[in-house]
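First comes the structure, then the notes that go with it.
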Amino acid sequence: MSQAAVQSQGSAKVDTEFDIELRKVYKVFNGEPAVSRVDLTIQRGEFFSILGPSGCGKTTTLRMIAGFETPTAGEVLIRGQLMTNVPPYLRPVNTVFQSYALFSHLTVKENVAFGLRLKRRSRAEVEERVNEALKLVKMEPLATRFPAQLSGGQQQRVALARALVNRPAVVLLDEPLGALDLKLRKQMQVELSTLHRDLGVTFIMVTHDQEEAMSLSDRIAVMHEGKVEQLGTPQEIYEHPATPFVASFIGDTNLFRGQITNIDRSILKIQTESGLPIMVQPVEPWNADLIRTKVVVSIRPEKVYVSFYPPDIRLNCFEGRLRNVMYLGTHVHYLIELPTGDRLTVLQPNTAGALPDSDIPIYVYWATTDCLALLDR
């Protein structure tokens with residue numbers, strides 16, 4: 001199935017680089033906002049993820065794109081066309097649900113053909129398109145089996161084939177790998193990525209799994225309490241989180257609350273609430289009138305180094321005690337308690353040396369460029 005075939009939809013061609021546009025979209029349930037002023041543009045052919053914890057509004061946002069929910073305010077456009085009065089079955093999108101939603105009494109082939117038969121396509125066209133879709137997801141040999149005879153990963157492939165057979169402009173993925181075990185989920189991540197690359201179709205995925213979003217996406221929208229907290233590439237969001245929430249939700253981090261006590265030569269001096277003096281060198285200089293501003297310092301565990309002897313380092317170097325060591329195979333996880341009572345997590349590559357005992361003195365340190373100061377909102 002070619003990219004052109006998958007993307008063709010029989011509607012007039014619209015000259016826009018965006019497959020999806022959300023313009024100031026709100027959704028209110030029983031007087032409570034579930035989605036608040038979401039503005040998004042999703043480019044054609046992009047793998048876009050909406051990431052966030054339960055209740056943040058990500059699934060509601062996806063359902064408004066699909067047409068299963070109507071925005072309380074704002075506009076949803078697909079390929080430049082306003083979708084206000086367009087029902088789900090007439091939108092050029094197809095959704096893959098976490099539950100797969102396969103018909104148990106139909107074979108794999110019949111499940112995939114179901115939508116085409118509802119549209120009264122010819123028998124020859126149904127046969128051709130179903131075979132193409134099954135070939136894409138490598139399910140041709142199992143075409144005559146029923147869903148109960150398939151593994152979770154195989155059912156996921158059938159659900160994908162059923163979505164792709166309609167040749168949508170956009171494929172919507174609602175927690176598509178959530179029901180799979182860890183090993184199978186990893187395999188399906190690779191397959192999803194390969195399928196997306198081969199087809200060039202726009203994929204929009206909703207997930208709460210940070211690693212899944214980071215590994216698959218071209219861009220990610222991190223949602224929190226109904227709003228988009230940050231929008232960017234996986235690297236931008238991980239290396240330069242815009243808020244304390246994003247820093248804590250994307251990966252692991254050490255957070256220290258405090259206030260700026262001095263700004264000297266682009267170095268922020270921050271005194272934490274527990275009394276730690278932390279120096280931060282931001283990418284861009286901060287204005288001097290931000291002294292005494294409350295901030296949160298974020299330090300990723302892999303950016304912190306440990307030493308069993310006092311290192312020759314002046315800034316961001318503290319003595320503590322090793323409280324816990326966990327062997328993770330490729331890495332070693334340390335939990336270190338400082339005299340202030342603060343605890344740091346440290347993640348270092350496994351060098352195959354002997355693991356240290358707990359409750360021994362240890363030093364931690366990090367570079368001024370390896371920590372971030374975020375405004376404490």
Side-chain angles (χ1 to χ4, degrees), residues 49 51-53 182-183 185-186 189 207-217 220 222 230 232-258 270 272 274 276-283 295-313 315-374:
S49 288
L51 174 67
L182 179 60
K183 186 175 181 180
R185 194 158 67 240
K186 298 284 189 186
Q189 285 176 12
T207 182
H208 65 274
D209 188 313
Q210 312 141 37
E211 183 182 338
E212 192 168 280
M214 297 276 286
S215 62
L216 291 172
S217 310
I220 300 171
V222 182
Q230 186 172 354
T233 66
Q235 185 175 7
E236 287 168 348
I237 286 175
Y238 186 82
E239 298 290 347
H240 304 287
T243 67
F245 171 80
V246 175
S248 62
F249 188 76
I250 303 293
D252 296 321
T253 194
N254 297 287
L255 296 178
F256 297 91
R257 279 186 159 76
I270 296 163
T272 71
S274 60
L276 283 180
I278 297 178
M279 306 294 181
V280 178
Q281 184 175 340
V283 176
V295 294
V296 176
V297 178
S298 170
I299 312 150
R300 298 289 187 190
E302 69 273 15
K303 305 285 189 182
V304 183
Y305 298 92
V306 297
S307 173
F308 298 103
Y309 306 97
D312 188 20
I313 294 172
L315 302 180
N316 298 338
C317 181
F318 307 99
E319 183 179 3
R321 294 195 76 83
L322 184 58
R323 294 304 186 197
N324 187 263
V325 183
M326 287 190 293
Y327 178 77
L328 303 177
T330 58
H331 288 75
V332 179
H333 180 278
Y334 300 93
L335 179 63
I336 296 160
E337 185 174 340
L338 304 181
T340 55
D342 295 302
R343 291 192 165 196
L344 280 123
T345 58
V346 182
L347 192 65
Q348 291 294 298
N350 178 19
T351 57
L355 296 179
D357 295 326
S358 297
D359 204 31
I360 63 170
I362 195 168
Y363 293 85
V364 292
Y365 58 96
W366 60 87
T368 58
T369 53
D370 282 340
C371 50
L372 297 172
L374 306 167

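Along the sequence shown, residues carry numbers from 1.
Arg257 places no side-chain N or O within donor-acceptor distance of the main-chain N or O of Val297, the cut-off being under 3.5 Å. Although no hydrogens or angles enter the test, the distance criterion places a donor-acceptor pair under 3.5 Å between the side chain of Thr233 and the main chain of Glu236. Put simply, the side chain of Thr243 gets close to the backbone of Val246: a donor and an acceptor are under 3.5 Å apart. Using a distance-only test at 3.5 Å, with no hydrogens or angles considered, a donor-acceptor pair links the side chain of Thr272 to the main chain of Leu276.
Under the salt bridge (Lys or Arg N to Asp or Glu O under 4.0 Å) criterion, Arg323 pairs with Glu337, Asp359, not counting sequence neighbours. Every side-chain hydrogen bond (donor to acceptor under 3.5 Å, both in side chains) that Asp342 has, sequence neighbours left out, goes to Ser274, Thr340. Under the rule for a salt bridge (Lys or Arg N to Asp or Glu O under 4.0 Å), Glu319 has no partner lying at least two apart in sequence or in another chain. For the salt bridge (Lys or Arg N to Asp or Glu O under 4.0 Å) test, residues two or more places apart in sequence or in another chain that qualify with Asp209 are Arg185.
Using a 3.5 Å distance cut-off with no hydrogens or angles, the side chains of Ser248 and Thr253 do not pair a donor with an acceptor. At a cut-off of 3.5 Å, with distance as the only test, a side-chain donor of Thr345 or Asn254 sits close to an acceptor on the other residue.
Annotation: side chain of His208 is not in contact with side chain of Pro53 (no heavy-atom distance under 4.5 Å). Taking 4.5 Å as the limit, some side-chain heavy atom of Gln189 sits within range of a side-chain heavy atom of Leu216. Taking the side chain as every heavy atom from C-beta outward, Asn350 and Tyr327 approach each other to under 4.5 Å. Within the 4.5 Å cutoff, the side chain of Val325 has heavy atoms near those of the Pro356 side chain.
Other residues, nucleotides and ligands contribute over 12 non-hydrogen atoms within 6.0 Å of the CD atom of Gln348.
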List the atom pairs, with distances to 0.1 Å, where a side-chain N or O of residues 360-374 and a protein N or O form a donor-acceptor pair under 3.5 Å, not counting sequence neighbours.
none

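Residue Ile237 holds its CD1 atom at 5.0 Å from CD1 of Ile220, rounded to the nearest 0.5 Å.
In plain terms, the two heavy atoms of Ser49 and Ser217 that are nearest each other are OG-OG, 2.6 Å.
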Give the C-alpha distance, both sets of side-chain angles, the deciding distance and a yes or no for side chain to side chain contact (heavy atoms under 4.5 Å, CB included) between Leu51 and Ile250.
-> CA-CA 9 Å; Leu51 174 67; Ile250 303 293; 3.2 Å; yes
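Residue pairs that meet the salt bridge (charged side-chain N to carboxylate O under 4.0 Å, His left out) test with at least one member in residues 301-313, sequence neighbours left out, are Glu239-Lys303.
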